[in-house]
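Letters go in sequence order (proteins before strands), and every chain restarts at 1.
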Number of protein chains: 2
Amino acid sequence: MSKTESSSKARHTIRDIARVTGVSPKTVSFVLNDREGVAEQTRKRVLKAVKEMEYHPHAAARALRDRVTRSIGVIFPTTADAAPLSQSLLNWLHEEFIHIFGSRGYYVTFDMASYAGSRNGDYARGVWEQAFGPCFLAGPLALTDRVVPRLHERGVPYVAVTRLDSFPQCSAASVDYEQAACLSTRHLLEKGHTRIGLLQAFQGYQSGLERRRGYERALREAGLPVDASLIRPVTFDSHSIVNGVHALLSDRAVTALIDSSSTEDPVVLREGARRAGRRFGKDLEIVVWTYRYDTVVLPEACAHMCLPLRQASAEGLEHLAAWIEGRREGPIQILYQPTLLETPREAPFNDPLRVFHETA
Amino acid sequence: MSKTESSSKARHTIRDIARVTGVSPKTVSFVLNDREGVAEQTRKRVLKAVKEMEYHPHAAARALRDRVTRSIGVIFPTTADAAPLSQSLLNWLHEEFIHIFGSRGYYVTFDMASYAGSRNGDYARGVWEQAFGPCFLAGPLALTDRVVPRLHERGVPYVAVTRLDSFPQCSAASVDYEQAACLSTRHLLEKGHTRIGLLQAFQGYQSGLERRRGYERALREAGLPVDASLIRPVTFDSHSIVNGVHALLSDRAVTALIDSSSTEDPVVLREGARRAGRRFGKDLEIVVWTYRYDTVVLPEACAHMCLPLRQASAEGLEHLAAWIEGRREGPIQILYQPTLLETPREAPFNDPLRVFHETA
DNA sequence: CTGTTAGCGCCTTCAT
DNA sequence: ATGAAGGCGCTAACAG
């Protein structure tokens, strides 16, 4: 009967390895951490025991000792129903995390508690509890946000996906929504429209405010008054969009719309117009906002406003990784500009939803 | 000038709270863990200090002491290019985790290191290092898998999405792929086909083997020989599918196909047929496998084989949560049966891809 | 080169 | 009811 130590269910500690190989715990620790000062022969004996006994260092013990974890946090500044993370963004995020952090051996820890509606607004418990240090803030920041400054003060690397007026030093990789709104509005003004409706998403959030501000700026530049009734806050609910479009278009003097709802859904837009007895492309022009550059959301639209959110986030995450590894400093201040694209006559084929990604 | 203790950057410990409130650390611990034996007045003083000083228990210290974390692990038995997690499955998974674990305050920790291609096959380091105990195995199990038995022996709650022939006691919530293949084949046999091509995904994995086995079983039942050249292993790459279809159909005696590639992509199927000078619905019938019940993947298909993977996983995760909380025992043994649906003449509208979920 | 010790922050005895 | 002490597994500092 051989020593059945290796098949034992018990989890071994560094001391077990030391005892079995007849060295001190410190030596084992040195071997594991690839440090000098251990005889080659001893090193081999230790590594052999480590493999045979299936020893693995205890993550929590290490974290306690080192005051750092090997985890990146993903945290949600809002609840799911207030501002749901889009499916396509989630997919993209997953890819990026695999690419950037997976290969480096980090764990990626999601804290969905606040997103699920618990924890009343303190969405950064993972940082306070030191479950992780560095983190990604996945979602829009509320204008009333009080958490980011505390995060900032803590000194942990972090990056958000919108700026924050109330805290300009906020580490963020974002898109200039104000500019997007301004360009959208200008485009329609130049085409001769004077009463332009705005479907405004993210009411109460930074990115919602920027939408409104850009819209108002363009109007003021043109010397036109701002009619508050033309700004229609909407949620991500279909009904909300349909009703919003319907309500705005009931005013026959409204001859143009800006869809900054971020829903990228042609069906609800058409339905809203239909209920008002209007049709896009006929007596009505629209600029549709989208996060992609390769797909026409609504062929009847006169233009698409493309928001490079992915590009911004990608650079933000790269910077975050560099910050964590000490190659760069924070805070991150990245701002991408949007692009207005006139809708092509021949809409390109809208790719079908693939269940599996294609392997390149 | 007030005591600026609360605005200090330093992270406080339980002893700081004790010192400030003039009690012992144990008392603070009792208060935090809602245990009896503390005077109400003391309790309030402690809680006040906790709030003011923004004290939070240290996750790693707690984990070390309690030998349990509040994390659920998501681990990947294969690399991304061998068997990529589908986008729709990832989205669904995210929803489920929010629903089941987010509301209970668990962290969800992804270990993407093995998925990214590092760690040569030992995909469960998170468990060995005790970064988490309970875990979800997101992806197919290789026939050569050696990790699951060790996981099982460890005694941690876990659940996989396929069974494992070499380890029948494996905790799994899965779909009966063998039955799906058998029913698909039978259906085509009953329609008079005798040479039936099989596009077989997951070669080398349990779910690939089950596909092949079910196909062969149906043929044997019908007294027909198994022609190995009719079984075409494919990857998730478009080319692989196109070539597979083309190659199978170059044999004009082949009058039917089973698409168990799991790609759910009508375009590549049609393209493969076109290259062989064939067309679905004309001289050719096909059964297409899908993970959904509400969408026609290929209108020309004579039937769709619907695999209730989501339903199985959902029940698996519910069971996992119950296992963690001691309400039920493991291992999990859930097997859902697939359904063959004849393709309706009028294909239902294929829902557009929504960027944001609709809030219910 | 090796061994001993102390302490990270928490919780749970045991003793008061 | 409270206070002191010890240990979870790891590593850095300090002897030998």
Can you list, pair by pair, the side-chain donor-acceptor contacts under 3.5 Å of residues 57-67 of chain A, counting residues two or more places apart and other chains?
from: H58(A); atom 1: ND1; to: A60(A); atom 2: N; distance (Å): 3.2
from: H58(A); atom 1: ND1; to: A61(A); atom 2: N; distance (Å): 3.2
from: H58(A); atom 1: NE2; to: Q130(B); atom 2: OE1; distance (Å): 3.4
from: R62(A); atom 1: NH2; to: N33(A); atom 2: OD1; distance (Å): 3.3

Exercise. Sugar-phosphate atoms are those with a prime plus P, OP1 and OP2; base atoms are the rest. Using that split, label each nucleotide of nucleotides 3-11 of chain D B, S or - for protein heavy atoms under 4.0 Å, 5' to 3'.
Key: B--BBBBBB

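Using a 30° and 60° split on the angle between ring planes, F136(B) and F97(B) fall in the perpendicular class, above 60°. Using a 30° and 60° split on the angle between ring planes, Y107(B) and F132(A) fall in the perpendicular class, above 60°. Using bins of under 30°, 30° to 60° and over 60° for the plane-to-plane angle, the ring pair Y106(A)/F101(A) lands in the perpendicular bin. Between F167(B) and H152(B), the two ring planes are perpendicular [angle over 60°; tilted spans 30° to 60°].
Note on the helix from dC1(C)-dG16(D) to dT16(C)-dA1(D): terminal axis deviation equals 50°, with five pairs used at each end and the result rounded to 10°.
Residues T69(B) and G133(B) come closest through the heavy atom pair OG1-N, 4.2 Å.
In this structure, R70(B) atom CZ and dC10(C) atom C1' are separated by 16 Å, rounded to whole Å. F30(B) places its CZ atom 8 Å from the C1' atom of dT12(C), with the value rounded to the nearest Å.
Aromatic pair F110(B)/F110(A): centroids less than 6.0 angstrom apart.
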Quiz item: Could you walk me through whether E40(A) and R43(A) pass the salt bridge (charged side-chain N to carboxylate O under 4.0 Å, His left out) check?
Solution: CA-CA 5 Å; E40(A) 184 55 23; R43(A) 227 180 62 84; 3.3 Å; yes

